[in-house]
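Proteins come first, then strands; the chains are lettered A, B, ... in the order of their sequence lines, and each starts at number 1. The basis for the numbers below is simple: all heavy atoms, side chains too, and nothing from hydrogens, waters or symmetry mates. Predicted model, so just to flag it, every value in this text is computed and none were measured.
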Amino acid sequence: MTDSVIRLQGVRKSYRLGKVEVPALGGIDLEIESGEFGALAGPSGSGKTTLLNLIGCLDKPTAGRLFLDGLDITDSSLDKLADIRGSKIGFIFQTFNLIPVLSAFENVEYPLLLGGVGRKERHERVNEWLDNVGLAPQANQRPDQLSGGQRQRVAIARAMVSRPVLVLADEPTANLDSETAAQILDLLHRINRETSVTFLFATHDPAIISRAHRRIRLRDGHIAADERNHQLTGGVVHAS
Amino acid sequence: MLAKIAFRNIFRNRRRSLITLLVLVMGATGMILFGGYKEMNFWGLRETTIRNRLGHLQIYRQGYLTADSQKPLEYGLDDIGQIRTEVEKDPRVAMTAAQITFMGLISNGEKSETFLGTAVEPTKDRQMRSQRLETGRELNDGEMDTIMLGRGLARSMNVKLGDYLTLMTTTVTGSLNGMDFRVVGTFMTGVKEYDDRAIKVPLSGAYYLLNTKKIEKLLVMLKQTEDTEAVMADVKLMAASRNWPLEMRTWSDLATFYHQVVLIFNGIFGFIGTIVFVIVVLSVANTIMMNIFERTREIGTLMAIGTKRKRIWTLFLLEGAMLGLIGGILGLIAGAIIGQLINYANIQLPPPPGYTAGYALRILLRPGILMSSFALSLVTATLSSIYPAFKASRLNIVDALGHI
């Protein structure tokens with residue numbers, strides 16, 4: 001068994017809607033191990049994105065504790081959380097979310113600049129990742145000159161370049177045609193195999209769910225099922 | 001990288017940035033043109049005031065300014081030869097000119113008017129270029145009974161060149177004296193009230209009329225107005241070291257009208273500047289707010305991948321500052337070009353209130369005005385970005401990422 005990258009203890013999240021408190025997640029206990037290729041599945045409103053936001057340090061839980069890479073980040077300041085996101089977490093979004101005024105190269109370079117990486121190393125790492133996602137020839141093109149699949153590849157390179165321990169992807173294939181989606185999924189799978197970086201998806205996409213080593217199904221803010229695909233990792237185990 | 005993002009974002013929505021830049025450019029250009037016009041007026045009025053009447057420095061006998069004299073020239077200067085020699089030794093001094101001012105009645109035999117007389121050393125007075133000759137000629141050294149009249153007074157007295165007029169005034173002993181003077185010319189200073197009463201006679205004629213050899217004051221003309229205070233300090237030291245009972249005033253101490261004009265113009269300039277400031281602030285703030293609204297998701301992304309709030313704040317502040325920088329530079333260029341064109345076009349303006357002659361519209365392009373107009377653009381654009389930039393940095397990441 002490998003070390004856990006994420007550990008959630010009794011995590012709750014609720015939102016205020018006027019004077020009403022609306023629960024989004026209720027008492028989640030979850031542990032994601034290093035190198036996992038996991039999927040958070042469930043119907044709309046089940047709490048997938050909320051859970052992903054909490055794990056990604058984009059939001060804070062209402063109750064419970066959250067550990068990332070062994071570190072209790074529950075009470076970390078906003079600046080500390082920004083540092084953690086910049087150094088330990090990579091994000092892939094449904095709408096790619098590249099910075100439109102920056103070229104593919106510069107988009108990938110940006111997290112390294114935030115991390116204070118020197119110019120030479122920065123360029124090496126950016127080129128390495130653009131090459132890895134097959135976009136070296138488009139390095140100088142801006143997002144509006146790239147196709148959807150190419151943009152998502154840039155986003156993947158940006159997520160990976162700072163050597164995170166965890167990559168979170170919210171519906172990464174939802175805006176792509178099925179062929180491109182399959183290619184992106186293949187790419188993510190390969191990166192997971194080669195780097196052992198943990199991947200966690202929030203998705204409806206059956207293709208991603210079927211290829212995930214672990215499927216965490218959410219319903220009404222609770223974990224309804226937590227399965228490991230042992231055809232990929234050695235059998236299916238119902239955790240709840 | 002932040003600077004790169006900020007700079008490129010300016011060109012993202014070109015039409016909006018162009019309108020904002022136009023506001024900035026027009027603001028800066030307006031400030032340059034009005035500021036240059038104001039400076040030109042200040043300069044012109046200052047130099048005219050100095051040359052026409054006051055000189056840079058006026059030297060009097062001790063007590064002239066404070067004592068309540070009973071008779072004319074009671075506190076006049078007796079022997080100015082030595083003072084003059086010492087003062088003119090200073091390389092910053094262009095020349096000195098002795099003067100007496102006096103009042104009395106002027107008559108052509110049929111009609112009498114009050115006058116304001118200035119007795120001058122003719123050659124020195126010509127060098128001061130204190131008035132514009134309208135008809136006839138200037139006074140000459142060696143003449144005693146010649147007179148020049150202000151335009152209004154000449155018309156009122158209905159005189160021709162060569163006519164004789166009688167001046168009547170009080171002598172230094174308090175008795176009344178009269179003397180005939182021959183009209184050799186008429187002049188105008190541009191100030192109607194003054195031209196309606198003014199006469200000029202040679203100092204030698206005034207000595208005879210006033211029955212004295214004293215002068216009222218010694219005017220010191222400098223090569224550069226900026227040296228006034230320094231020269232006065234040196235002259236005071238020199239007078240003290242020789243035990244000469246002198247006192248003096250600078251043109252600035254005496255030029256109340258000039259200071260009033262400066263005050264009024266600066267008030268107007270400040271008012272216009274405030275309006276420009278408010279327009280620029282609102283315009284740039286609106287642009288940055290619109291940018292933030294359109295780029296909310298992008299801000300969320302930047303924050304999600306590790307950008308701290310301070311950097312987001314800096315990014316939008318930079319965008320405002322860059323708009324201000326570009327607007328300032330373009331405004332500087334536009335202001336300088338338009339200013340030069342106006343100067344080149346030699347546009348004639350009507351006479352100001354109280355004046356009889358119009359003057360050419362001139363824009364004085366001083367580095368101070370150019371720099372302050374540039375700074376106005378840069379500073380206001382940056383200042384007006386502070387609040388929108390702060391709002392951007394306070395966005396909730398999850399909400400921002402979900403923004404459509």
Asker: Count the heavy atoms belonging to other residues, nucleotides or ligands that lie under 6.0 Å from CZ of A:R219, then report whether that count exceeds 12.
Answerer: no
Asker: Taking CZ in B:F7 as the centre, count heavy atoms belonging to other residues, nucleotides or ligands within less than 6.0 Å. Is the count above 12?
Answerer: no
Asker: Listed by chain and number, what are the ring pair (Phe, Tyr, Trp, His ring centres under 6.0 Å) partners of A:F201, not counting sequence neighbours?
Answerer: A:F37
Asker: Considering only heavy atoms from C-beta outward, does the side chain of A:T49 approach that of B:V398 to under 4.5 Å?
Answerer: no
Asker: For B:F271, I'd like to know if atom CZ has over 12 heavy atoms of other residues, nucleotides or ligands within 6.0 Å.
Answerer: no
Asker: Quick check on A:R16: does its CZ atom have over 12 non-hydrogen neighbours (other residues, nucleotides or ligands) under 6.0 Å away?
Answerer: yes
Asker: In Å and rounded to the nearest 0.5 Å, what is the CG to CG distance from A:L113 to B:L2?
Answerer: 9.0 Å
Asker: When heavy-atom pairs shorter than 4.5 Å are enumerated against chain B, which of A:R158, A:E106, A:E109 gives the highest number?
Answerer: A:E106
Asker: Do A:L114 and B:M1 come close enough that some side-chain heavy atom pair is under 4.5 Å?
Answerer: no
Asker: Within a strict 4.5 Å, meaning less than it, do heavy atoms of the B:L302 and A:I99 side chains meet?
Answerer: yes
Asker: Between CG of A:L98 and OG1 of B:T301, what distance do you get to the nearest 0.5 Å?
Answerer: 8.5 Å
Asker: A quick test of your reading: do over 12 heavy atoms of other residues, nucleotides or ligands sit less than 6.0 Å from OH of B:Y387?
Answerer: no
Asker: What do you reckon, is CZ of A:R12 surrounded by more than 12 foreign heavy atoms closer than 6.0 Å?
Answerer: no
Asker: With a sphere of 6.0 Å drawn around NZ of A:K60, does it hold more than 12 non-hydrogen atoms of other residues, nucleotides or ligands?
Answerer: yes
Asker: Given the options A:G90, A:P100, A:G86, which has more heavy-atom pairs under 4.5 Å with chain B than any of the others?
Answerer: A:P100
Asker: Side chain, backbone, both or neither: which part of A:D79 has a heavy atom under 4.5 Å from chain B?
Answerer: both
Asker: First locate atom NZ of B:K4, then atom OH of A:Y110, and finally report the distance between them rounded to the nearest 0.5 Å.
Answerer: 12.5 Å
Asker: Could you check whether atom CZ of B:R15 has more than 12 heavy atoms from other residues, nucleotides or ligands sitting under 6.0 Å from it?
Answerer: no
Asker: When you compare the side chain of B:M303 with that of A:L78, does any pair of heavy atoms fall below 4.5 Å?
Answerer: no
Asker: How would you list, in number order, the residues of residues 304-311 of chain B that have a heavy atom less than 4.5 Å from chain A?
Answerer: B:A304, B:I305, B:G306, B:T307, B:K308, B:R309, B:R311
Asker: Does B:R8 reach the side chain of A:L102, with side-chain heavy atoms less than 4.5 Å apart?
Answerer: yes
